[in-house]
Amino acid sequence: MPELPEVETIRRQLAPAVEGRRIEDMEVLDQRWSAPALGVEAADAVRGRRIDKLDRRGKYLVWELSGDVHLVMHLRMTGNLLYTDDARFVRVRIRLDDGGSVVFADQRRFGTGVVLLGGDARDDYFASRLGVEPLSADFTADHIRELARGRRAPAKAFLLNQERIAGVGNIYADEALFIARIHPLRPIGTLRGKQFDALRAAVVEVLEAGIDARGATIDDFRHTDGASGAFQDRFLVHLRAGEPCVRCGTTIKKIRAAGRGTYLCPRCQRAPRAA
DNA sequence: CGCGCAACCTGTCTGC
DNA sequence: TGCAGACAGGTTGCGC
């Protein structure tokens with residue numbers, strides 16, 4: 001589903017088309033979209049503003065508008081942002097001053113959008129939800145070690161927790177743990193020194209590979225022009241239960257970890273003692 | 001506080 | 001063939 005590489009792919013594709021344009025109108029067809037501050041309707045808050053920058057934080061997409069207004073979107077699981085004026089399941093339509101349009105389409109209506117008035121409100125919004133950006137210089141083995149200290153949460157749950165590391169979801173967590181040879185149920189606080197290095201490197205590697213492949217399309221994710229990503233063809237363990245491990249040939253297994261379908265090589269990723 | 005889990009939602013797949 | 005139930009998953013909120 002849309003994780004960091006998928007959202008980054010959308011950002012890169014959409015930014016050239018929208019940055020510098022003005023929003024002529026925003027048509028809100030799903031009432032989950034709101035402006036919590038000042039009782040201002042979302043559409044009224046953004047109308048006429050210039051799009052200064054399209055940014056990303058974790059799995060969130062941020063439209064930085066003139067006048068210090070920020071439109072923050074989250075695609076959740078089935079949301080898509082398409083550069084077109086029509087599609088199935090359109091929840092929001094943004095018309096640009098050059099005649100172009102962007103629609104937020106979401107089959108399951110899980111996707112959300114919120115207008116935040118002022119950079120401070122935007123910063124507060126993210127500060128309470130998101131941890132370190134895994135592709136930034138702050139994402140070091142020492143940083144992960146600090147986050148993991150004393151915690152008994154399974155490694156998989158740790159990676160999925162956006163308050164610690166922002167942007168890793170179910171696909172990339174499985175792939176990173178396989179590369180780092182860490183069992184998904186291993187309590188994160190019991191990792192040894194070198195394993196933190198391996199985990200950092202693996203997370204960076206899979207996220208960059210995902211971006212290079214322009215994201216993974218399993219069911220719903222699409223590029224802004226409707227095309228599919230390619231990273232699903234490079235999965236090492238995710239969705240590969242019953243197939244041989246690319247490293248040792250052992251049959252890939254599917255288990256449940258952190259309430260999610262989780263794929264691993266039982267030989268490369270040795271089980272923790274008590275779990 | 002830390003952790004697990006249900007809820008949110010809807011389309012698709014599985015089993016009877 | 002039909003239908004009920006399971007499953008998919010990012011985030012939030014609740015309970016222990």
Side-chain angles (χ1 to χ4, degrees), chain A residues 1-10 29-34 36 56-62 72-81 87-92 104-114 116 124-131 133-134 144 146-177 184-191 203 206-207 210 215-222 229 231-232 235 237-242 253-264 272 274-275:
Chain A
M1 306 294 107
E3 306 179 28
L4 188 153
E6 286 72 34
V7 179
E8 177 62 19
T9 296
I10 287 173
L29 305 164
D30 187 317
Q31 293 315 309
R32 289 163 170 268
W33 288 63
S34 64
R56 179 192 59 74
R57 178 79 171 89
K59 302 173 191 171
Y60 291 83
L61 203 58
V62 184
V72 178
M73 297 179 171
H74 197 298
L75 301 173
R76 299 285 176 125
M77 290 167 282
T78 54
N80 277 304
L81 266 188
R88 298 182 74 192
F89 312 118
V90 171
R91 309 300 175 198
V92 173
F104 189 115
D106 185 9
Q107 175 191 96
R108 276 192 278 181
R109 300 177 58 220
F110 271 14
T112 55
V114 63
L116 298 169
D124 290 348
Y125 187 83
F126 287 142
S128 65
R129 290 172 169 78
L130 300 180
E133 277 292 321
I144 301 173
E146 276 304 307
L147 293 174
R149 179 161 296 161
R151 296 185 189 281
R152 288 161 294 130
K156 174 85 181 244
F158 177 82
L159 287 180
L160 293 180
N161 186 335
Q162 304 298 298
E163 294 174 27
R164 314 213 193 285
I165 301 169
V168 179
N170 205 37
I171 294 170
Y172 295 92
D174 281 358
E175 296 294 295
L177 289 173
L185 297 179
R186 175 78 179 269
I188 195 68
T190 68
L191 292 190
V203 167
V206 298
L207 293 179
T217 298
I218 296 173
D219 291 312
D220 303 292
F221 172 70
R222 291 291 182 276
F231 193 64
Q232 67 280 4
F235 289 170
V237 289
H238 193 73
L239 296 182
R240 294 195 57 220
K253 203 167 73 170
K254 180 181 184 181
I255 64 170
R256 207 148 182 92
R260 297 284 171 260
T262 298
Y263 299 83
L264 72 151

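By convention in this document, chain letters (A, B, ...) are assigned in the order of the sequence lines, proteins followed by strands, and residues within each chain are numbered from 1.
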Could you list the residues that satisfy salt bridge (Lys or Arg N to Asp or Glu O under 4.0 Å) with A:Arg149, not counting sequence neighbours? A:Glu146
Between A:Gln107 and A:Ala157, which is nearer to the 5' end of DNA chain B once each is assigned its nearest nucleotide? A:Ala157
Is there a side-chain contact between A:His74 and the phosphate of C:dT11, meaning an N or O under 4.0 Å from OP1 or OP2? yes
Minimum heavy-atom distance A:Ala105-A:Arg88, with the two atoms named: CB-O, 3.4 Å
Polar pair under 3.5 Å, donor/acceptor by atom type, side chain A:Arg260, base C:dT11: yes
Check the distance between C:dT11's P and A:Arg57's CZ and give it to me in whole angstrom. 12 Å
Between B:dC9 atom C1' and A:Leu75 atom CG, what is the distance in whole Å? 16 Å
Value in whole Å for how far the C1' atom of B:dT10 lies from CZ of A:Phe110: 8 Å
Between C:dT11, B:dC3, B:dC9, spot the one nearest the side chain of A:Arg152, thanks. B:dC3
Send over the distance from A:Ile165 CD1 to C:dT11 P, rounded to a whole Å. 13 Å
What integer distance in Å separates A:Phe126:CZ from C:dT11:C1'? 14 Å
Tell me which one of A:Asn80, A:Leu75, A:Val90 satisfies side chain to side chain contact (heavy atoms under 4.5 Å, CB included) with A:Phe104. A:Leu75
Quick one: is A:Arg256 getting a side-chain N or O under 4.0 Å of the C:dA8 phosphate, OP1 or OP2? yes
Which whole-number value in Å describes the distance from A:Asn170 CG to C:dA8 P? 9 Å
Expressed as a whole number of angstroms, how long is the span from A:Met77:CE to B:dC9:P? 11 Å
For the residue pair A:Val237 and A:Asp174, what are the closest heavy atoms and their distance? CG2-O, 3.7 Å
Proximal nucleotide (of C:dT12, B:dC9, B:dG4) relative to the A:Arg76 side chain: C:dT12
Heavy-atom distance under 4.5 Å between the side chains of A:Ile218 and A:His238, does that happen here? yes
Can you figure out which of B:dC3, B:dG11, C:dG10 approaches the side chain of A:Ala153 most closely? B:dC3
What does the inter-axis angle of the helix from B:dG2-C:dC16 to B:dC16-C:dG2 come out as, five pairs per end, nearest 10 degrees? 60°
For the pair made of CZ in A:Phe158 and P in C:dG10, what is the distance, rounded to whole Å? 17 Å
Residue pair A:Arg129 / A:Gln162, side-chain heavy-atom distance below 4.5 Å: no
Can you see if the side chain of A:Gln162 gets near the phosphate of C:dT11 - specifically, an N or O under 4.0 Å from OP1 or OP2? yes
Measure across A:Arg91 and A:Gln107 and return the closest heavy-atom pair with its distance rounded to 0.1 Å. NH2-O, 3.3 Å
Residue whose closest nucleotide on DNA chain C lies nearer the 5' end, A:Arg129 versus A:Thr78: A:Thr78
Give the nucleotide from the list C:dG10, B:dC3, B:dT10 with an atom nearest to the side chain of A:Arg151. B:dC3
Does the A:Glu6 side chain pair with the main chain of A:Ala216, one donor and one acceptor, at a distance under 3.5 Å? yes
Phosphate oxygens OP1/OP2 of B:dC3: is one of them under 4.0 Å from a side-chain N or O of A:Lys156? no
From B:dG4, C:dT12, B:dC8, pick the nucleotide closest to the side chain of A:Pro154? B:dG4
